[in-house]
Protein chains: 4
Amino acid sequence: MNGNPASITPDGRHCYAVRVYYEDTDAGGVAYHASYLRFAERARTEALRYLDIPHAELLEQYSLMFMVRRIKVDYLRPARLDESLTVVTEPLAVGGASVLLRQDVRGPQESCALQTVRLACVKPGEGGPGRLPRRWRTVLTAMCNAARAPDRSPSQAEHDME
Amino acid sequence: MNGNPASITPDGRHCYAVRVYYEDTDAGGVAYHASYLRFAERARTEALRYLDIPHAELLEQYSLMFMVRRIKVDYLRPARLDESLTVVTEPLAVGGASVLLRQDVRGPQESCALQTVRLACVKPGEGGPGRLPRRWRTVLTAMCNAARAPDRSPSQAEHDME
Amino acid sequence: MNGNPASITPDGRHCYAVRVYYEDTDAGGVAYHASYLRFAERARTEALRYLDIPHAELLEQYSLMFMVRRIKVDYLRPARLDESLTVVTEPLAVGGASVLLRQDVRGPQESCALQTVRLACVKPGEGGPGRLPRRWRTVLTAMCNAARAPDRSPSQAEHDME
Amino acid sequence: MNGNPASITPDGRHCYAVRVYYEDTDAGGVAYHASYLRFAERARTEALRYLDIPHAELLEQYSLMFMVRRIKVDYLRPARLDESLTVVTEPLAVGGASVLLRQDVRGPQESCALQTVRLACVKPGEGGPGRLPRRWRTVLTAMCNAARAPDRSPSQAEHDME
């Protein structure tokens with residue numbers, strides 16, 4: 001990783017670089033399947049920070065936090081030790097108390113693990129739903145609109161359908 | 001092991017006990033969302049061992065292994081530190097080179113994380129599909145038929161639908 | 001839990017069974033070196049529960065918790081996927097606000113990872129030291145005295161020395 | 001992390017930036033103690049790559065790999081969620097088939113976890129010791145000599161002593 005490991009593309013996609021280390025692999029010789037969820041969570045955290053809506057602020061100012069409510073992962077190509085991957089994150093929909101993201105953990109050529117993640121905005125103690133603050137909603141909706149490009153790849157189309 | 005933390009119910013469901021330790025939690029105070037995938041993988045391994053079709057034999061005798069191809073998780077109730085959970089595993093469908101499982105990570109009352117997992121049988125090096133050996137298929141199909149009970153819970157029905 | 005994977009020996013050693021799953025291994029084909037710390041932490045948790053001094057009680061009744069202050073691990077033999085290991089835990093010394101443990105993660109024949117762990121009793125918020133409650137100290141000291149047997153193995157003797 | 005997450009200082013110390021994500025924390029609200037071993041392993045991997053002696057080459061050209069033989073960690077200050085840390089890596093001694101490293105996982109002001117790590121160079125299958133290739137030895141010895149500065153901090157001095 002030489003250079004900025006995070007950036008955002010003109011079409012509203014956030015890119016975050018990760019490397020596959022020994023900790024991420026298993027005895028099968030490739031990345032352990034749960035590792036891609038950790039990569040995606042790092043990328044979400046950095047995407048929010050990049051958009052200037054860091055989750056720490058959500059907690060401190062509004063006593064709210066994001067929780068993963070649903071996740072769906074298509075494992076398309078196993079990543080190997082030492083490989084450099086990019087997590088491409090884009091919001092698909094922004095609701096009153098939830099966000100739907102697509103996160104694609106990609107090698108240079110193709111996707112390794114394509115994920116759809118539904119985050120709920122909740123109150124930490126009780127876990128009940130909390131309304132997403134206006135600023136958060138505005139920023140995420142803007143990114144969402146920017147990303148609404150008609151260029152789903154075949155693997156994305158299949159992922160979305162099933 | 002000084003005892004047997006696994007068992008199988010008459011209706012073809014395998015039950016496996018896990019405890020939530022510090023390693024499984026995060027700063028949100030509950031189990032980290034990727035931890036449920038680790039719990040489910042432990043339970044799958046023990047279910048196969050219990051059924052006398054351990055994955056080590058698949059690799060050694062047939063040069064085949066299972067890979068997770070797709071996973072879908074509904075997070076329903078966060079598990080807390082020290083909680084005792086049960087992973088209930090049941091096959092939903094057995095194909096020529098794949099198995100579809102439902103795995104429910106449950107507390108005493110209700111589900112914490114309901115998962116559907118598609119495993120592909122592959123050749124380790126190249127990753128191409130490999131035909132599931134006859135004995136594996138027979139055992140999994142028998143369990144699958146035993147489990148084909150019409151008692152899906154509301155959360156399972158919703159999980160399956162979406 | 002359908003069985004009891006933990007027990008305590010007459011000479012004050014607590015035994016806890018763990019299995020090596022894919023999540024615990026790395027692309028080197030054996031258990032990842034940090035996995036042994038997770039095994040040891042599970043075993044410590046169960047040892048305290050077994051002794052009826054669970055860490056949850058320490059937190060709830062006394063607003064104290066254990067933190068790892070120092071750890072030393074000798075990696076002696078790599079554990080393989082599917083292997084059954086036993087974590088043998090014994091207190092070596094009990095202080096006013098700390099405990100020193102030896103934890104040996106063993107296969108059937110020999111040690112895989114021999115650990116010495118110093119736990120400090122602290123106040124969660126500030127992290128300052130907290131005095132170990134009398135009952136905790138009594139129980140741990142009793143176990144410590146029971147374990148004071150003169151049978152250190154050569155690898156333990158070498159571990160302690162360096 | 002904006003900018004190059006890895007660099008090397010004139011006095012032979014390699015610096016690598018890590019961020020504390022949810023995956024690295026536990027219900028105690030701070031980084032889980034085993035997470036620092038993962039941070040250190042990432043930093044070692046990048047240090048070797050930076051020195052142009054990547055571990056992949058060791059495996060492919062010489063059929064050798066590094067294994068952690070011994071690790072000692074002093075936990076000095078718990079790192080919090082979202083914190084940016086630097087892993088400072090320096091070789092302390094280079095032997096025929098082993099390397100001794102000091103790795104300090106630091107916040108902006110002070111050390112969080114100070115580690116000494118002994119790596120053995122081994123043959124993957126059997127695990128027997130393997131002689132470190134000449135080029136590896138030369139590069140590591142040069143870095144080791146550059147780092148031989150008399151400026152151990154008090155916490156390092158105490159760590160080394162005990």
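Chain identifiers are assigned alphabetically (A, B, ...) following the order of the sequence lines, protein sequences preceding nucleic acid strands; residue numbering begins at 1 within each chain.
With a 4.5 Å cut-off on non-hydrogen atoms, Glu41(C) touches chain B through its side chain but not through its backbone. With a threshold of 4.5 angstrom between heavy atoms, Leu81(C) approaches chain B through side-chain atoms but not through N, CA, C or O.
Contact check for Arg49(C) versus Asp82(B): side-chain heavy atoms found under the 4.5 Å cut-off.
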Derivation and outcome, side chain to side chain contact (heavy atoms under 4.5 Å, CB included), residues Arg38(C) and Tyr22(B): CA-CA 9 Å; Arg38(C) 296 165 43 230; Tyr22(B) 270 109; over 6 Å; no
Tell me, with the steps shown, if Arg19(B) and Arg42(C) meet side chain to side chain contact (heavy atoms under 4.5 Å, CB included). CA-CA 9 Å; Arg19(B) 173 92 73 176; Arg42(C) 288 184 212 169; over 6 Å; no
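When the heavy atoms of residues 55-63 of chain B are compared with those of chain C, the residues falling under 4.5 Å are His55(B), Ala56(B), listed by number.
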